[in-house]
Amino acid sequence: MKLFNLTHTQTDYLLTYPEEHSYSAEDEAGTLRRKTDSVDEIELLAFVDGAIVGSAGIGCVAREEKTRHRAGARPDVAGVIKQTYKKRRNRT
């Protein structure tokens with residue numbers, strides 16, 4: 001939830017603002033469990049120096065036979081990586 005809120009605060013091009021969602025930590029845990037068990041969805045995490053710096057999801061758009069080959073991507077990486085990159089750049 002912390003990552004979701006941070007990326008949605010820092011990045012103007014995502015679909016929602018952080019205050020527009022009503023997910024609880026339990027809701028998010030359930031979503032991640034379903035994706036872990038899914039054969040057609042995945043959640044990816046990006047790490048820098050052991051810290052999560054972003055996430056992206058790839059999932060099924062439709063499950064009907066005619067369209068089940070379609071997938072959608074949801075990147076949340078840009079805002080957090082920008083902040084992390086600035087911190088790393090200032091260390092040198």
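Residues take their numbers from the sequence shown, with the count starting at 1.
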| query | Rounded to the nearest 0.5 Å, what separation is found between the CG atom of L32 and the CG atom of D27? | reply | 11.0 Å
| Atom pair CD (E26) and OG1 (T31), whose distance is rounded to the nearest 0.5 Å | 11.5 Å
| Residues T36 and R33: side-chain donor-acceptor under 3.5 angstrom | no
| said: Tell me every residue that passes side chain to side chain contact (heavy atoms under 4.5 Å, CB included) with E19, counting only those two or more places apart in sequence or in another chain. | reply: Y17
